[in-house]
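Have a look at the structure below before the remarks.
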Amino acid sequence: MTAPLIITRELRKSYALGGLEVQALRGVSLEIGGGEFVAVMGPSGSGKSTFMNLLGCLDTPSGGEYLLAGERVSGLGSDALAAIRNRRIGFVFQNFNLLARTSALENIALPLLYCGVPAAERERRAAARLAEVGLAERGHHHPAQLSGGQQQRVAIARALINDPVLILADEPTGALDTLTSCEVMALLQQLNRRGMTVVLVTHERDIAEFAQRVVTFRDGRVVEDHRVAAPRDAAAMAAQLRAEAGVQP
Amino acid sequence: MRIALRALRINKLRSALTMLGIIIGVAAVITMIAVGSGAQERIESQIKGLGTNLIILMPGSTTTGGVRMGAGSRNTLTEEDGYAIQRDIPAVQASAPTLRGTGQVVGGSGNWSTVFQGVTPEFFEARNWVVAQGRGLEPQDIAGSAKVALLGDTVARNLFGDSDPIGQTVRIRKVPFIVIGTLERKGQSLMGQDQDDIILMPISTARNRVLGQASGRLRTVGSVSIKVRDGEDMKAAEEQIRELLRQRHRLQPGQEDDFSLRNLSEVLAAREESSRIMGLLLAAVASVSLLVGGIGIMNIMLVSVTERTREIGLRMAVGARGRDILTQFLVEATTLALIGGLLGIALGVGGTVAIGQFAGWPIQLSMEPVLLAVGFAAAIGIFFGFYPARKASRLLPIEALRYE
Ligand SMILES: Nc1ncnc2c1ncn2[C@@H]1O[C@H](COP(=O)(O)OP(=O)(O)OP(=O)(O)O)[C@@H](O)[C@H]1O
Ligand SMILES: [Mg+2]
């Protein structure tokens, strides 16, 4: 096994809510190796999203330590965190978070805007990523003109544009039907096979079974952490579903 | 920049309304400066046309305290008064008695109703008239009551069009004159009169042959134009002229002057002052409008920052730093202000030209106020955009993303 990409030690996060302190994370110690595909599960309010936001450097912990690729992230300033989000991490959100009235290509190229890539290069790379997620001819469509699954694939292309080491996906299939979910999962599996580390939050056991490892949260703590003996293949699953429904790929 | 333009395009109506303040402000600044400097320019050219040291001497009332002056008292201004001023007061450069009349002039290809003035050679110097073509009046023209005339530009063009009037004959009140010269253009006077609608002739000819006055002892004149030498004190010169005339008119101490002295450049200076104050008022109105426009921009940018919190959060999530967000919103505000500024310039220039065309006011458009307006608009955008932009840049990524 490779050196851990992510190491958290006693990671804590508490929110002050009207004088009341809500402890969202109560000490999470976890190691995730480079190239792993991890699913995070747990009941609502157990701190999954909070944990993901800390991993993604979108939020800062109240206590504990977080090392990303050996680097202590906990103490960094906001510009350094922005740079990490830009170069090393790709986000996929439940609600896609694409910019409205902005073409798919421009949405995908957005991260490149913040690391000084010239316009022509941005467009070229965005077009390549769009082709990878199988939407080559939809480059000039706006999000409103795309289906949910297509929007999520655009969002994944955006997450990939800067060749990150880590993909963080918080309920990426939450808003999608079964077939589209499988297609999105197939895409993530494919990325994982190319060596990318994927951490995914989901409520559905079916979805979690596409991962190699399932971590379960309860009340801000990790209560279970097991490997999946034989992860299911999402691409095959999607093909099967399509065949059943009689839909052309 | 493109992000900014797109953001503005999405809310076209709102952006347009926001820009309105800037548009009006900038248009007002430009129009005001153009009209103001046009007026200033006209006044200045009139001052130059008149000379800065011109005194006009006119006859005053012929009665004092209700008592009519006895016969033989010199109660009107005479040609000799004019000559005496020239002769006896060293501070005077030129003193030109003038007789004025109106009449029909026929000649060349048309006829024209105009003003003629009987003058002496000093008149040209006193009133800054320049002979454009031909020659001016000579002392012998006066002595011999020669039937010669100089035509103002308007008269020359109305009678002769483009052809050369020199040497031609014109009939003024049916009296034939030879045109010996034309006068250089002076343009409109302060009161909007055409100063070039004029004919000059020897004062003796005007008196004897055109106005038909008997050549008695009292050779009265309508006015005397007096030019004081450069560097001489106007007030002192005026006082000397007054003394001389009172003496010549045999006025007792305590008796009112039977003439009046007017220093025209003072009148003009007063007008210049009032047009300047007018300009300042307009500038105040324009700056209030710009200020209101700026506040409008700030308001709309604050709304925009709130509305687009999630967008800001997303941009931060994919790597935008605080200063990237700051720049984005600053550019947006500045673009808004600049587009407003450009539209304002268009409106201002259009309005100025329209005013020039329809109201007939003199206008003077120049580059500086336009640049000033653009600079001002940009400054307003940056100034009033800064607060909302900084607010946006200080959002925390996770809170912005979660914002509903
Ligand atoms: N911004 C916040 N302010 C206050 N409390 C918060 C905030 N965000 C999360 N919490 C609290 O922290 C706890 C964990 O929330 P979190 O969003 O991590 O749960 P989750 O596991 O993602 O739940 P779900 O499955 O519903 O998405 C919850 O009790 C929640 O109320
Ligand atoms: Mg959640």
Side-chain angles (χ1 to χ4, degrees), chain A residues 13 15 24 49-61 77-103 106-117 119 122-123 142-143 155 157-162 164 168 170, chain B residues 1-16 18 300-301 303-336 339 389-404:
Chain A
K13 180 73 190 178
Y15 297 101
S49 296
T50 306
F51 181 64
M52 292 292 270
N53 293 335
L54 292 178
L55 290 191
C57 302
L58 286 171
D59 209 351
T60 47
S78 64
D79 282 4
L81 291 179
I84 289 179
R85 291 195 296 268
N86 186 240
R87 310 284 167 96
R88 309 232 213 139
I89 299 174
F91 291 96
V92 182
F93 304 93
Q94 176 173 1
N95 53 5
F96 323 132
N97 268 331
L98 296 174
L99 293 185
R101 300 184 193 85
T102 305
S103 74
E106 283 174 291
N107 263 297
I108 294 172
L110 195 62
L112 298 180
L113 204 60
Y114 300 111
C115 53
V117 176
R122 287 205 298 267
E123 186 148 347
H142 289 183
R158 179 183 62 196
L160 295 178
I161 190 86
N162 245 342
L168 296 173
D170 194 347
Chain B
M1 185 68 199
R2 277 182 49 224
I3 299 174
L5 279 178
R6 186 206 318 272
L8 300 181
R9 214 166 339 124
I10 286 168
N11 273 306
K12 278 196 206 80
L13 180 63
R14 197 166 78 182
S15 305
T18 308
I300 225 65
M301 291 311 293
V303 170
S304 173
V305 165
T306 311
E307 265 181 2
R308 286 154 67 197
T309 302
R310 284 181 69 90
E311 175 191 329
I312 295 166
L314 173 75
R315 287 178 183 275
M316 286 181 155
V318 299
R321 291 158 303 177
R323 78 176 88 106
D324 296 320
I325 301 293
L326 183 80
T327 314
Q328 180 190 336
F329 280 90
L330 266 189
V331 167
E332 218 164 277
T334 311
T335 308
L336 198 63
I339 293 176
R390 203 187 52 158
K391 198 177 153 190
S393 75
R394 296 219 168 153
L395 286 170
L396 294 175
I398 186 61
E399 275 165 20
L401 259 183
R402 245 199 242 128
Y403 184 85
E404 291 302 333

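Residue numbers begin at 1 in each chain, while the letters A, B, ... track the order of the sequences. The model shown is predicted, which means the values in this text are computed figures rather than measured ones.
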> Would you call A:L113 and B:Q328 a side-chain contact if the rule is heavy atoms closer than 4.5 Å?
Replying inline: no
> Quick one: are B:V318 and A:I161 in side-chain contact, heavy atoms under 4.5 Å?
Replying inline: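 Counting from C-beta outward, B:V318 and A:I161 never come under 4.5 Å.
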What is the minimum heavy-atom distance between [X] and [Y], and which atoms define it?
{"X": "B:M316", "Y": "A:R85", "result": "O-NE, 2.8 Å"}
{"X": "B:G319", "Y": "A:Y114", "result": "O-CB, 3.6 Å"}
{"X": "A:A82", "Y": "B:R321", "result": "CB-CG, 3.7 Å"}

> Looking only at heavy atoms, which of residues 391-401 of chain B get nearer than 4.5 Å to chain A?
Replying inline: B:P397, B:I398, B:L401
> Do any of residues 86-94 of chain A have a heavy atom less than 4.5 Å from a heavy atom of chain B, and if so, which, in residue order?
Replying inline: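 If one takes a 4.5 Å heavy-atom cut-off, the residues of residues 86-94 of chain A near chain B are A:N86, A:F91, A:F93.
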>> So, taking the atom named CG in A:N97 and the one named CZ in B:R310, what distance separates them when rounded to the nearest 0.5 Å?
In response: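 Taking CG in A:N97 and CZ in B:R310, the distance rounds to 5.0 Å.
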> What option among A:N162, A:N53, A:I84 has the most heavy-atom pairs under 4.5 Å with chain B?
Replying inline: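 Sorted descending by pairs with chain B, the first entry is A:N53.
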> With only heavy atoms counted, which part of A:T102 is less than 4.5 Å from chain B, the side chain, the backbone, both or neither?
Replying inline: both
>> Checking A:D59 now: which residues fulfil salt bridge (Lys or Arg N to Asp or Glu O under 4.0 Å) with it, not counting sequence neighbours?
In response: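 With sequence neighbours excluded, A:D59 shows a salt bridge (Lys or Arg N to Asp or Glu O under 4.0 Å) to A:K13, given in chain and number order.
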>> Suppose we screen for salt bridge (Lys or Arg N to Asp or Glu O under 4.0 Å). Which residues come up paired with B:R323, at least two apart in sequence or across chains?
In response: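 For B:R323, the residues satisfying salt bridge (Lys or Arg N to Asp or Glu O under 4.0 Å) (neighbours in sequence not counted) are A:D79.
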